[in-house]
Amino acid sequence: MRNAVANNTQKNHDLSVSHNPTDFRSLMNYFWNYIDNSNADMTDLAPKIEVSEDKDAVNIMAEIPGMNEKDIDLKVSSDGYLSISGEKRNETKTKDKDNYFSEISYGMFKRTIQLPWDLDYDATTAKCDNGVLKVSIPKSQVEKQKFKKISIEKS
């Protein structure tokens, strides 16, 4: 009965199942690599971002490992959007060897975030050091005066 079910499955779905453990591992590796790579478009290269603020400015840090500042395009719009885009290029020119596998991603990325503050975009500064991009955008005078400390009286 078991053979009849196995043969029927093979005919209907064109699947062959091996009891060899290395074949199963190979199948599972293929499956998980397929799942991982199905979402591997621009999101793998998009930098992780941290946005913080202090009393004078909004500070953005972005991880961009392996990239030079000349490969990064940084734009800030007057309506409050910061865009970081660029391209990580494969610099390997060796043709003597074949890769066994590679987990290093190459390609283009773009990341845009909305900044919900009134900022002085003309005074924006940016620095890139050791794979970390640091952007500082000063707050406008209007933004700095938006909050007022209110004292609380005991009743």
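Only heavy atoms go into these numbers, but all of them, side chains included; no hydrogens, no water, no symmetry mates. Residue numbers run from 1 in the order of the sequence given.
Legend: residues meeting side chain to side chain donor-acceptor pair (under 3.5 Å) with Asp79, ordered by chain and number and at least two apart, are Ser77. For Glu87, the salt bridge (Lys or Arg N to Asp or Glu O under 4.0 Å) partners are Arg89, not counting sequence neighbours. Under the side-chain contact (heavy atoms from CB on, under 4.5 Å) criterion, Asp54 pairs with Asp56, Ala57, Asn59, not counting sequence neighbours. Listed by chain and number, the residues in a salt bridge (Lys or Arg N to Asp or Glu O under 4.0 Å) with Asp73 are Lys75 (sequence neighbours excluded). The salt bridge (Lys or Arg N to Asp or Glu O under 4.0 Å) test applied to Lys139 returns Glu53, not counting sequence neighbours. Judged as a salt bridge (Lys or Arg N to Asp or Glu O under 4.0 Å), and not counting sequence neighbours, Glu63 has no contacts.
Counting heavy atoms from C-beta outward, Ser83 and Lys110 have side chains that approach closer than 4.5 Å. Using a 4.5 Å heavy-atom threshold, the side chains of Thr112 and Leu82 count as separate. Side-chain contact check for Lys134 versus Ile60: every heavy-atom pair is 4.5 Å or farther apart. The shortest distance between side-chain heavy atoms of Tyr121 and Ile137 falls below 4.5 Å.
Test Leu133, Asp71, Val132 against Ile64 for side chain to side chain contact (heavy atoms under 4.5 Å, CB included) and you get one pass: Leu133.
For residues 114-129, no residue pair satisfies the salt bridge (charged side-chain N to carboxylate O under 4.0 Å, His left out) rule, not counting sequence neighbours.
Side-chain atoms of Arg111 come within 3.5 Å of backbone N or O of Pro47 as a donor-acceptor pair.
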